[in-house]
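What follows is one structure encoded as structure tokens, with my remarks underneath.
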Amino acid sequence: MFEIDLKIQKVITGVLKTNLALQEGEKFLIATDYPSTLDLKYKEPEILQRMFARNFLARFIEKIAKDKFPGVKTDFITYPCPWMHYPENLENLCSIIKDYDVCYVLSEFSIWTIFSSQEAKLLKKTRVAFSPGCDETIFRPHGPLDINSSKLEKDVMKTYAKINKGKQVKIWNHMGTNLEIDLTGNKYDCIYESGIVNYPGKKSNLPAGEVLILNPKISGTYVVPAGWIEGLKSNLVIEIKNSETTKIYQQGDDTWLKSNYFLVKYPNKITFISVGHNYQANNPFLIIEMIKMHGLVSIKINNRGLRELDSLNTKVFSGHFPSPNVYLELDGEEIFRNGQFML
């Protein structure tokens, strides 16, 4: 039995109005992935339960959209779960979405990249929001979507603008993290997520509030404290040089690392580093919310030779539990001081 907490209705209505910017006369599509008959037989019950709960959540959002925005034509579809992030073969879904002004995807796995593919040319007018791996808690009162989205957008754009003009980023904290990012002569890309999809072709994850440097030229040490990742009983230390991991070890009980042996067996590349700006995000157990936490720095490791098979194996490392306390300087100017935004 799946029950939806009715307290989230007000926040959902705000998301539809502000984040998705629904307008009279528009066509709005809600999409969610579902397991096949074979999936029901072979996939882990915990994952299936999450998916079914999300399916009901998507239907609940459809009902709210129809009730609160009667002038918007709202539709609901499901698509087969691809069982991997960033799948390549969802042309049928693209052909459906292209006929809508706005689309909201609530899924187990991210399908962000289909909107960066050749098929995405069909979707150039569609505004899209994604909540991969979400559950109804992201809509809770005082949660990551119950936020002043305009202020959040201004904050992330300030950091984004500074990075695009900067030469060097330094990040550190008292737990041992100490990183430097060289922004000169480097083929990096800086992007931000404000959570407001208010013009044709715009897309964002929800919750939002994140600035990312893609393909950073990064060196230093990144420490994930014990307890931050499930089963991590001692600090995880990741040493990095020229965007490659040179050493990964634990400062004590290394049971977790032994169960993730491919992190040390294969050469690994840092594909992005991000800093969260969402001051309402505070759930460290939901990745899509965790990485948006205000003042929290995350890195993404690409395991060469292995493809990410499911959401449980996504290697996004975020440190500084139980509260973000990072220091971040850009060309000597403080952006974050002990986890507090300074701009």
Please assess Trp83 against Asp39 for the test side chain to side chain donor-acceptor pair (under 3.5 Å), listing each intermediate value before the final yes or no. CA-CA 10 Å; Trp83 293 103; Asp39 294 336; 2.8 Å; yes

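- Going from atom CG of Leu48 over to atom NZ of Lys43 covers 9.0 Å, rounded to the nearest 0.5 Å.
- The side-chain heavy atoms of Phe336 and His294, taken from C-beta on, include a pair separated by under 4.5 Å.
- The residues Glu153 and Lys202 are annotated as salt-bridged, a charged nitrogen and a carboxylate oxygen being separated by less than 4.0 angstrom.
- Counting heavy atoms from C-beta outward, Val275 and Leu296 have side chains that stay 4.5 Å or more apart.
- Partners of Asp254 under the side chain to side chain contact (heavy atoms under 4.5 Å, CB included) rule, at least two apart in sequence or in another chain, are Gln250, Lys258.
- Asn283 meets the side chain to side chain donor-acceptor pair (under 3.5 Å) test with no other residue; sequence neighbours excluded.
- Residues Met84 and Tyr34 do not share a hydrophobic cluster, defined by chaining ILVMFWY side chains whose heavy atoms lie under 4.5 Å apart.
- Looking only at side-chain heavy atoms (C-beta outward), Lys17 and Phe69 come within less than 4.5 Å of each other.
- Here the closest non-hydrogen pair linking Tyr79 and Pro82 is CE1-CD, 4.2 Å.
- Phe76 and Leu57 fall within a single hydrophobic cluster, where Ile, Leu, Val, Met, Phe, Trp and Tyr are joined by side-chain heavy atoms under 4.5 Å apart, directly or via other members.
- With sequence neighbours left out, Thr271 forms a side chain to side chain donor-acceptor pair (under 3.5 Å) with no residue at all.
- Side-chain contact between Ile111 and Val105: present, with at least one pair of heavy atoms (C-beta onward) separated by less than 4.5 Å.
- Counting heavy atoms from C-beta outward, Ile64 and Gln9 have side chains that approach closer than 4.5 Å.
- Contact check on Lys27 versus Asp99 returns no salt bridge, with no Lys/Arg side-chain nitrogen under 4.0 Å from an Asp/Glu carboxylate oxygen.
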Could you please spell out the steps behind the side chain to side chain donor-acceptor pair (under 3.5 Å) verdict for Ser107 and Asp33? CA-CA 5 Å; Ser107 59; Asp33 53 2; 4.6 Å; no

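- Here the side chains of Arg50 and Phe52 are not in contact, with every heavy-atom distance at 4.5 Å or above.
- Between Glu210 and Ser274, the shortest heavy-atom contact is OE2-OG, 2.9 Å.
- Using a 4.0 Å cut-off between charged side-chain N and carboxylate O, Glu289 and Arg140 make a salt bridge.
- Between Trp112 and Phe130, the ring planes are tilted. Angles from 30° to 60° get that label.
- A salt bridge links Glu334 with Arg337: at least one charged nitrogen is closer than 4.0 Å to a carboxylate oxygen.
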